[in-house]
Amino acid sequence: MTDPSPALVSDVFERDCTSRSAFEDVTAKWASLVLLALHEGGYRFNALRRRVDGVSEKMLSQTLQSLERDGMVTRDVVTAIPPRVEYALTALGQRVAGRLRDLADVLEDAVPEVEQARAGHRPR
């Protein structure tokens, strides 16, 4: 069997690989938090903004557009009076958010350790 063409091999460490740009999008602070929130279920824009405390309207909009472009979030315009937009995760978004949830659980459980390490850290 022959090795796959280098063009078919994904490598997040390669500068021009699609997986790297998607990784950068997902690991941005607001994107990770948005994915975690949407992992709980679909949200309307303002409810999502309240859930992700501290995100600006502009940054949330940019983050949602980026995640939608990468195929992780869907944007559904509900024709009602007044019309509304709801955001949810795609199957890919669910897989990514599940992994982020695992990481968030580790970090939430480790808060005492992190606080202890920070208290003992001296700036250089």
Side-chain angles (χ1 to χ4, degrees):
M1 180 168 230
T2 62
D3 289 335
S5 163
L8 300 176
V9 176
S10 296
D11 184 350
V12 76
F13 292 103
E14 291 294 323
R15 177 185 353 203
D16 296 328
C17 184
T18 302
S19 67
R20 181 168 175 163
S21 64
F23 185 85
E24 291 169 352
D25 290 343
V26 166
T27 58
K29 173 174 68 174
W30 298 120
S32 294
L33 293 171
V34 165
L35 287 166
L36 286 170
L38 290 173
H39 195 244
E40 301 168 348
Y43 276 93
R44 289 172 58 180
F45 186 88
N46 285 327
L48 184 57
R49 187 166 169 226
R50 285 189 299 274
R51 180 69 177 122
V52 182
D53 190 28
V55 68
S56 69
E57 186 173 321
K58 178 182 176 184
M59 187 54 64
L60 179 57
S61 179
Q62 290 174 352
T63 298
L64 287 165
Q65 288 172 10
S66 172
L67 293 171
E68 185 178 8
R69 179 196 66 229
D70 288 343
M72 294 183 211
V73 169
T74 60
R75 179 181 186 272
D76 183 31
V77 179
V78 178
T79 53
I81 298 176
R84 63 182 189 271
V85 178
E86 294 182 358
Y87 295 92
L89 294 178
T90 64
L92 173 59
Q94 286 286 347
R95 292 196 318 264
V96 171
R99 299 289 175 98
L100 287 171
R101 184 68 259 170
D102 291 342
L103 176 59
D105 289 344
V106 168
L107 293 171
E108 288 171 348
D109 291 344
V111 164
E113 294 169 71
V114 172
E115 288 177 342
Q116 183 178 9
R118 287 181 176 179
H121 184 268
R122 293 189 185 120
R124 296 178 185 171

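Quick note: numbers below take in every heavy atom, side chains included, and nothing from hydrogens, waters or symmetry partners.
Across all non-hydrogen atoms, the minimal contact from Ala37 to Leu48 is CB-CD1, 3.6 Å. The heavy-atom pair separating Leu35 from Ala97 by the smallest distance is O-CB, 3.6 Å. Contact detail for Ser19 and Ser10: the closest heavy-atom pair is OG-CB, 4.4 Å.
Under the side-chain hydrogen bond (donor to acceptor under 3.5 Å, both in side chains) criterion, no residue pair touches residues 88-100, with sequence neighbours excluded. Applying the salt bridge (charged side-chain N to carboxylate O under 4.0 Å, His left out) rule to pairs touching residues 51-64 yields Glu40-Arg51, Arg49-Glu57, sequence neighbours excluded. Annotation: salt bridge (charged side-chain N to carboxylate O under 4.0 Å, His left out) contacts involving residues 25-39, sequence neighbours excluded, comprise Asp25-Arg69. Evaluation of the salt bridge (charged side-chain N to carboxylate O under 4.0 Å, His left out) test over residues 107-120, restricted to residues two or more places apart or in two chains, returns Arg101-Glu108. Here salt bridge (charged side-chain N to carboxylate O under 4.0 Å, His left out) pairs that include residues 76-91, with residues two or more places apart or in two chains, are Arg84-Glu86.
Atom CG in Asp11 sits 12.0 Å away from atom OG1 in Thr18 (nearest 0.5 Å). From Leu67, atom CG reaches atom OG of Ser32 across 8.5 Å, with rounding to the nearest 0.5 Å. Taking CZ of Arg20 as the start and CD of Glu14 as the end, the distance is 8.0 Å to the nearest 0.5 Å.
Neither Tyr43 nor Val78 shares a network with the other; the hydrophobic side chains, linked directly or stepwise wherever heavy atoms of I, L, V, M, F, W or Y lie under 4.5 Å apart, form separate groups for each. Hydrophobic clustering (ILVMFWY, side-chain heavy atoms < 4.5 Å, transitive): Leu103 and Val34 are in distinct clusters. When the side chains of ILVMFWY residues are joined at heavy-atom separations under 4.5 Å, either directly or via intervening members, Leu107 and Val26 end up in two distinct hydrophobic clusters. No single ILVMFWY cluster, assembled from side-chain heavy atoms under 4.5 Å apart, contains both Val106 and Val114.
Side-chain contact check for Val73 versus Leu38: some heavy-atom pair is nearer than 4.5 Å. Counting heavy atoms from C-beta on, the side chains of Leu100 and His39 never come closer than 4.5 Å. You'll find the side chain of Phe45 reaches within 4.5 Å of the side chain of Leu64, heavy atoms only. Counting only heavy atoms from C-beta outward, the side chains of Leu33 and Thr63 never approach each other to under 4.5 Å. Here the side chains of Gln116 and Pro112 are not in contact, with every heavy-atom distance at 4.5 Å or above.
Through side-chain heavy atoms spaced under 4.5 Å, either directly or across other Ile, Leu, Val, Met, Phe, Trp or Tyr residues, Val12 is tied to Phe13, Phe23.
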